[in-house]
Amino acid sequence: MKEFQCVTLDYQKEKQTLTWKIRNKGMPNFCLAGLKEFEVFSRWVQAYFSHPDRPLQFIISGSEHQGIYNLGGDLPFFLECIINRQVDRLREYAHLCINAIYHIYNGFNLPVITLAQVEGNAYGGGFECALAHDFIIANETAQLGLPENKFNLFPGMGAYSLLYRKLNHSDADMIIRSGSVYKSRFFESLGLIHEVAEEHNMISTSGNILQKLACRFNFEYHHMQCKKLVNPLQKEELLNITDIWVDACMKTNASDLRKMEILAAAQRRKLSVGLVTTQSQPHVRYETSLE
């Protein structure tokens, strides 16, 4: 098995399952180096598991960071690009994000079902990454959402394309406009999350779901392919939206950038001191503080 700097791999041949996780080092977000490596990783997965001696039905994503699935975009990188007017550099980053999302959405061009195993918070691009999977499993303390509106931007790496396909337009609009993050039980009630695992019960919950999907894999896989054909998602749509996002970034003002800077600092503090324990009340909205 090939080794990567930003992700770890675990292939269980008898279960026909590949699990990739963000390594437990640095900020668990989408940095430029990580996105470039993910492009190599995606092409390797397709090539390696096209071999008949390496059967594969499921690809699962996760994170080795306790309490965090993925914090999304690299805010300090955004700030640097915006302040220094590095449009091409920011567009390169955005297009690499779309490549990653589209690889996941298409199951790395393999006949597989993809699952996001969200054992912690997923914000912005992290939430978009989870949405690109066929199924999402989350623990009951996980919080997910799109805080970009807090600093006068919008989610530009798949949220519109995925949410407006998976939900009614009113709910999709509410989630994007609110700039809030929500408990996993709330998204389960909307049908975005397939199942919520009780605390410390993710392994057994995931195992049960995989077993059920494996028993009816022929139906589940082809059912998912038909759903995607009924409402197809072209890469061009994703790229056009992220180009609008790049343009919007360059139109942010000093107040917007200050809020982005405060959120970036809050993420660094949270990572260094550990995740703050949150209450597990279902359907409760948690407002991300930028004050």
Side-chain angles (χ1 to χ4, degrees), residues 21-22 24 27-30 60-75 101 104 115-133 135-151 153-160 162-163 166-167 171-203 205-206 259-260 262-291:
K21 292 186 176 184
I22 296 177
N24 188 19
M27 181 68 72
N29 63 1
F30 292 115
I60 302 173
S61 70
S63 172
E64 292 185 348
H65 288 261
Q66 185 176 2
I68 300 173
Y69 173 75
N70 192 299
L71 295 178
D74 187 343
L75 298 183
I101 291 292
I104 295 169
L115 299 94
Q117 190 168 282
V118 182
E119 296 184 86
N121 296 347
Y123 302 150
F127 186 28
E128 290 170 305
C129 176
L131 289 171
H133 293 70
F135 295 93
I136 302 175
I137 310 166
N139 62 19
E140 60 185 357
T141 58
Q143 297 179 138
L144 310 91
L146 303 164
E148 288 85 351
N149 193 21
K150 295 291 186 182
F151 40 85
L153 279 172
F154 62 91
M157 282 72 169
Y160 282 88
L162 296 166
L163 284 176
K166 292 173 180 274
L167 298 175
D171 286 338
D173 201 58
M174 176 272 296
I175 291 167
I176 291 172
R177 281 182 172 276
S178 71
S180 301
V181 296
Y182 301 83
K183 296 294 182 69
S184 55
R185 292 285 183 191
F186 173 75
F187 286 120
E188 183 186 35
S189 73
L190 296 181
L192 277 180
I193 291 180
H194 181 69
E195 191 161 337
V196 173
E198 295 180 358
E199 191 68 10
H200 309 303
N201 202 34
M202 178 61 81
I203 294 177
T205 299
S206 297
K259 291 175 181 178
M260 190 186 298
I262 291 171
L263 182 56
Q267 289 180 349
R268 288 193 295 269
R269 288 196 303 271
K270 185 170 288 189
L271 186 64
S272 64
V273 302
L275 188 69
V276 177
T277 303
T278 58
Q279 297 178 359
S280 57
Q281 299 171 356
H283 314 296
V284 174
R285 189 170 70 186
Y286 170 80
E287 296 280 358
T288 303
S289 174
L290 290 172
E291 268 62 58

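Below, all heavy atoms of this structure are taken into account, side chains as well, without hydrogens, waters or symmetry copies. For clarity, every value in this text was computed on a predicted model and none was experimentally measured. Start at 1 with the first residue, then count along the sequence.
To the nearest 0.5 Å, atoms CG (Asn29) and CG (Asp74) are separated by 5.0 Å. Met157 contributes atom CE, which lies 13.0 Å from atom CG of Leu162 (distance to the nearest 0.5 angstrom). Rounding to the nearest 0.5 Å places CD1 of Ile137 at 7.0 Å from NE2 of His194. Rounded to the nearest 0.5 Å, atoms CG (Leu153) and NZ (Lys259) are 11.5 Å apart. A distance of 14.5 Å separates CE of Met260 from NZ of Lys150, quoted to the nearest 0.5 Å. Rounded to the nearest 0.5 angstrom, His65 NE2 and Glu119 CD are separated by 13.0 Å.
Side-chain contact between Cys129 and Ile104: present, with at least one pair of heavy atoms (C-beta onward) separated by less than 4.5 Å. Between Ile176 and Pro155, the closest side-chain pair of non-hydrogen atoms falls below 4.5 Å. When side chains are defined from C-beta on, Val118 counts as touching Leu144, because their heavy atoms get closer than 4.5 Å. Looking at Ile136 and Leu115, their side chains never come closer than 4.5 Å, going by heavy atoms from C-beta outward. Looking at Thr205 and Glu195, their side chains come closer than 4.5 Å, going by heavy atoms from C-beta outward.
Here the two rings, on Phe187 and Phe127, have centers that are under 6.0 Å apart.
The backbone N or O of Ile68 lies less than 3.5 Å from a partner atom in the side chain of Ser63, making a donor-acceptor pair. One N or O on the side chain of Lys166 and one on the backbone of Leu131 form a donor-acceptor pair closer than 3.5 Å. Using modelled atom types, one side-chain atom of Asn149 and one backbone atom of Arg177 make a donor-acceptor pair closer than 3.5 Å. Between the side chain of Glu128 and the backbone N or O of Gly158 there is at least one donor-acceptor pair closer than 3.5 Å. Side-chain N or O atoms of Ser184 include one that pairs as donor or acceptor with a backbone N or O of Asn139 at under 3.5 Å. A distance-only check finds a donor-acceptor pair linking the side chain of Ser189 to the backbone of Phe186 [under 3.5 Å].
Between Tyr160 and Phe154, the ring planes lie perpendicular to each other; the angle is over 60°, past the 30° to 60° tilted range.
Nearest approach of Ala138 to Ile193, heavy atoms of both residues: CB-CD1, 3.9 Å. The minimum heavy-atom distance linking Gly62 with Tyr69 is given by the pair CA-CE1, 4.0 Å.
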*asked:* Run Asn70 and Ile22 through side-chain contact (heavy atoms from CB on, under 4.5 Å) and show every step you take.
replied: CA-CA 8 Å; Asn70 192 299; Ile22 296 177; 3.1 Å; yes
